[in-house]
Visitor: 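Pasting a structure below so you can have a look.
Below, read A as the first sequence line, B as the second, and so on, with proteins coming before strands; counting in each chain starts at 1.
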There are 2 protein chains.
Amino acid sequence: MPGGRPRSFDADTALDRALEVFWRHGYEGTSLTDLTAAMGINKPSLYAAFGNKEELFAKVLARYLDGPGAYSAEALDAPTCREVLERLVHGAVDLTAGQNTPHGCLCVTSVHARGPDAHAVRQDAVAARKAGEAALRRRLEQAADLPSRYEPAALAALVHTICDGIAVQAAAGRGHDELRQIGDLALRALLD
Amino acid sequence: MPGGRPRSFDADTALDRALEVFWRHGYEGTSLTDLTAAMGINKPSLYAAFGNKEELFAKVLARYLDGPGAYSAEALDAPTCREVLERLVHGAVDLTAGQNTPHGCLCVTSVHARGPDAHAVRQDAVAARKAGEAALRRRLEQAADLPSRYEPAALAALVHTICDGIAVQAAAGRGHDELRQIGDLALRALLD
DNA sequence: CAAGTTTTTTACCTATCGGTACGTTACCTC
DNA sequence: GAGGTAACGTACCGATAGGTAAAAAACTTG
């Protein structure tokens, strides 16, 4: 029964192109023209495949979270508390100051999209951030080796705050190696 | 010789209104209509008094830095190293999660304005951030009580990173009291 | 009061924004 | 091959973006 002209582009690679653009220029700094140019499709194709700009961004954010941002969940599988935090901090540095990717974190830049049309987008980013922190808190609650001076919730919040700071620094132009040193210093202060 | 119609508004209070709007909605999320409405003047008056949107923002940023942001420079006058860092961190919490001001830091949100028309604005913000960190580094270099495990430059960078993280958390909706606890935990980890 | 100066107001400019109507093209099924 | 279906390209929509031209209004100086 179905038929119809087949799609001339791959939806996943198109999403990856959109991710690159949103990541580099932010939600508000990205126009539909930027998107269609990068994705290699026209506006009607974009709308048919992904909905409007907001919905496209939601799909892009999801792809970001379980692509480049997947380290954040995977870090929780590390055996020791120290290793979990190391992987989170080092992962944040690598993600936000990578060589072949835009600088900064999509989830952090999107929190700062505060124009009238960016409400939904900001909410999406805030929700993703809350989920990530809650996961870390649960991991720390069940840790046998958490230093006794820390409450899980408080440490989880602080670690996420430090990772946010790293993302800001990366977005402001600080390079990977310098950020790595900052991260290591933070880890030492927290755990030694 | 000079004469002319007198200005019907006060330039400084108009700047304060513009600051409130830019702070709340970001550079890219703020339109000239938003600005003129908040400032109580029309566009031609705005252009005559402050130049274009970019120049207005630069003036607003300067006003922000030595108004709400002045704590950052004043903190350096504290007698002890610990007190300097305390005042910086607590100041960041109060600034970014204040009751009567928008949440977040203008300087941090502006780093995330990455659209095509926001180049100059982003550069302004980055420059202000660099200056602030350099001032802290110099203060720590001349400190007699800097814990020996720290290099001044590295600690300055880390403290500013933590303050950036606090600003992000505030922009994402975390409240003042929670942020204060996060800041105190960071201070304890750094200095105890 | 007249001349000169500066601000204010209104109305408008072009470019671009996100989003869509519509006719054409390419495919599958019969 | 004919008919149905879905994506394609083009050309367009109203709204709004940042920015400005020009005349009316309010002041100072002579």
Visitor: Side-chain donor-acceptor pairs under 3.5 Å in residues 46-57 of chain A, sequence neighbours left out?
Guide:
residue	atom	partner	partner atom	Å
N52(A)	OD1	E54(A)	N	3.3
N52(A)	OD1	E55(A)	N	3.0
K53(A)	NZ	Y27(A)	O	3.1
K53(A)	NZ	T30(A)	O	2.8

Visitor: For T36(B), which residues count as a side chain to side chain donor-acceptor pair (under 3.5 Å) partner, sequence neighbours excluded?
Guide: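 Partners of T36(B) by the side chain to side chain donor-acceptor pair (under 3.5 Å) criterion come out as none, since no residue qualifies.
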Visitor: Which residues pass the salt bridge (charged side-chain N to carboxylate O under 4.0 Å, His left out) test with R137(A), not counting sequence neighbours?
Guide: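 Only E141(A) meet the salt bridge (charged side-chain N to carboxylate O under 4.0 Å, His left out) criterion with R137(A).
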Visitor: Considering residues at least two apart in sequence or located in another chain, which fulfil the side chain to side chain donor-acceptor pair (under 3.5 Å) criterion with R24(A)?
Guide: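 Scan of R24(A) (side chain to side chain donor-acceptor pair (under 3.5 Å), adjacent residues dropped) gives E20(A).
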Visitor: Quick one: name the residues clustered hydrophobically with V108(A), using the 4.5 Å side-chain heavy-atom rule over I, L, V, M, F, W, Y, and just say none if it's on its own.
Guide: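 Other cluster members: V168(A), V108(B), V168(B).
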Visitor: Tell me every residue that passes side chain to side chain donor-acceptor pair (under 3.5 Å) with R129(B), counting only those two or more places apart in sequence or in another chain.
Guide: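 Per chain and number, R129(B) pairs via side chain to side chain donor-acceptor pair (under 3.5 Å) with D164(B).
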Visitor: Show me, pair by pair, the donor-acceptor contacts under 3.5 angstrom made by side chains of residues 148-156 of chain B, not counting sequence neighbours?
Guide:
residue	atom	partner	partner atom	Å
R149(B)	NH2	L190(B)	O	2.8
Y150(B)	OH	L190(B)	O	2.7

Visitor: For a quick check of understanding: with a heavy-atom distance under 4.0 Å over all strands, which category does T30(A) fall into, base, sugar-phosphate or nothing?
Guide: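 The residue T30(A) makes sugar-phosphate contact but no base contact.
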Visitor: Rounded to whole angstroms, how far apart are CD on E54(A) and P on dC17(C)?
Guide: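 Atom-to-atom, E54(A) to dC17(C), this comes out as 17 Å.
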Visitor: Whether the side chain of D145(B) engages the backbone of C81(B) through a donor-acceptor N/O pair (distance < 3.5 Å, no angle test) should be reported.
Guide: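 Yes, the answer is positive, given that a donor and an acceptor are paired below the 3.5 Å cut-off.
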Visitor: For L46(B) and dT9(C), give me the distance from atom CG to atom P, rounded to whole Å.
Guide: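 Distance, rounded to whole Å: 13 Å.
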Visitor: Check the phosphate of dT7(C) against S45(B), side-chain N and O only, distance under 4.0 Å to OP1 or OP2. Yes or no?
Guide: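 No, outside the criterion.
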Visitor: Do any of residues 7-27 of chain A sit with a heavy atom less than 4.0 Å from DNA chain D, and if so which?
Guide: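 The stretch gives R7(A), S8(A), F9(A) as the residues lying under 4.0 Å from the strand, ordered by number.
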Visitor: Might you work through the salt bridge (charged side-chain N to carboxylate O under 4.0 Å, His left out) test for D12(B) and R63(B), ending with a clear yes or no?
Guide: CA-CA 9 Å; D12(B) 283 335; R63(B) 194 164 176 83; 3.5 Å; yes
Visitor: Round to a whole Å and report the spacing from CD1 of I41(A) to C1' of dT10(D).
Guide: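 Taking atom C1' of dT10(D) as the reference, CD1 of I41(A) is at 16 Å.
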Visitor: Within the pair T33(A) and dT16(C), is there a side-chain N or O less than 4.0 Å away from OP1 or OP2?
Guide: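 Answer no for this pair, as no side-chain N or O of T33(A) is under 4.0 Å from OP1 or OP2.
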Visitor: In whole angstrom, give the distance that lies between atom CD of E28(A) and atom C1' of dT16(D).
Guide: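 Result: 15 Å.
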Visitor: Hey, can you pull the residues of residues 113-125 of chain B with a non-hydrogen atom under 4.0 angstrom from DNA chain D?
Guide: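 The stretch gives none, as no residue of it lies under 4.0 Å from the strand.
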Visitor: If hydrophobic residues (ILVMFWY) are linked whenever their side-chain heavy atoms come closer than 4.5 Å, directly or via other members, who joins V126(B) in its cluster?
Guide: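 Members alongside V126(B): V111(B).
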Visitor: Only pairs under 3.5 Å count here: list side-chain donor-acceptor contacts from residues 94-102 of chain A, not counting sequence neighbours, and write none if there are none.
Guide:
residue	atom	partner	partner atom	Å
D94(A)	OD1	H176(A)	NE2	2.7
T96(A)	OG1	A92(A)	O	2.8

Visitor: Of K53(A) and A48(B), whose closest DNA chain C nucleotide lies nearer the 5' terminus?
Guide: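 Taking each residue's closest nucleotide, the earlier one in sequence belongs to A48(B).
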Visitor: When you check the phosphate oxygens OP1 and OP2 of dC8(D), does a side-chain N or O of N42(A) lie under 4.0 Å from one of them?
Guide: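 So the side chain of N42(A) is outside the cut-off, no N or O lying under 4.0 Å from OP1 or OP2 of dC8(D).
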Visitor: At under 4.0 Å between heavy atoms, how does the protein contact nucleotides 20-25 of chain D? Give one character per nucleotide, 5' to 3', with B, S or -.
Guide: BB---B
Visitor: Write down the distance between CG (L32(B)) and C1' (dG18(D)), rounded to a whole number of angstrom.
Guide: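 From L32(B) CG to dG18(D) C1': 5 Å.
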